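This report refers to the structure that appears directly beneath it.
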Amino acid sequence: MIIFYLVTVALIYFLFRLLRLWRAGLRLRTAGAFATAHCTHISYHEDSVTLSFVFSVDGADFQGTSSYMSTNAASPGEDIEIIYDPSSPENADIAACVESSIRMHRLAFWCLAPLVAGAITLDVWLTI
């Protein structure tokens with residue numbers, strides 16, 4: 001029974017994490033500012049890549065990592081267009097990736113939400 005509770009708590013944690021990532025993407029899309037960044041590193045994963053980049057806002061330097069992408073958008077040393085949150089510049093992503101990131105997090109959220117609701121319902125049902 002304790003394992004069931006741990007799984008339920010883990011599902012709730014991931015659900016709220018997805019919600020936070022989804023909302024961060026929406027905030028970038030609506031209130032983000034564009035800037036040019038310098039690609040510093042590419043990380044290859046099983047079926048995607050992420051880019052690391054550096055950029056400056058009002059003389060302060062920031063580092064960022066892109067969302068997972070299916071294709072390589074740049075090479076190290078190239079300049080790329082990013083979008084960042086002016087109130088929190090460390091929240092930045094490659095401009096071309098923001099829409100796909102929002103869609104991915106929204107889809108994952110709505111796929112996980114019924115599992116969480118079912119786990120909570122089952123938990124209540126088992127304790128009665």
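Fair warning: this is a prediction, and the values are worked out from it, not measured in the lab. Side chains included, hydrogens not; waters and symmetry mates left out as well; all remaining heavy atoms used.
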Answer yes or no: is there a donor N or O on one side and an acceptor on the other, between the side chain of [X] and the main chain of [Y], under 3.5 Å?
X    : Y   : value
T40  : S52 : yes
D79  : T36 : no
S101 : C97 : no
S66  : I94 : no

- In terms of heavy-atom contacts, does CD of Q63 have more than 12 from other residues, nucleotides or ligands at under 6.0 Å?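 Open: at most 12 neighbouring heavy atoms sit under 6.0 Å from CD of Q63.
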Spatial distance of atom [atom1] ([X]) from atom [atom2] ([Y]) [nearest 0.5 Å]:
X    : Y    : atom1 : atom2 : result
R20  : H105 : CZ    : NE2   : 10.0 Å
L26  : R106 : CG    : CZ    : 8.0 Å
I102 : L107 : CD1   : CG    : 13.5 Å

Grab the two heavy atoms, one from [X] and one from [Y], that are nearest each other, plus how far apart they are.
X   : Y    : result
G77 : H38  : O-CE1, 3.0 Å
C39 : L51  : SG-CD2, 4.2 Å
G25 : V98  : O-CG1, 3.9 Å
L11 : A119 : CD1-CB, 4.5 Å

Mind checking whether [X] and [Y] sit in one hydrophobic cluster, side chains of I, L, V, M, F, W, Y counted as touching below 4.5 Å?
X    : Y    : result
F109 : L21  : no
M104 : F14  : no
Y13  : L115 : yes
F53  : V49  : yes
V9   : I120 : no

Minimum side-chain heavy-atom gap [X]-[Y] below 4.5 Å:
X   : Y   : answer
Y84 : F62 : no
N91 : L28 : yes
F34 : I82 : no

In terms of ring plane angle, is the pair W110 and W22 parallel, tilted or perpendicular, where the classes change at 30° and 60°?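 Perpendicular.
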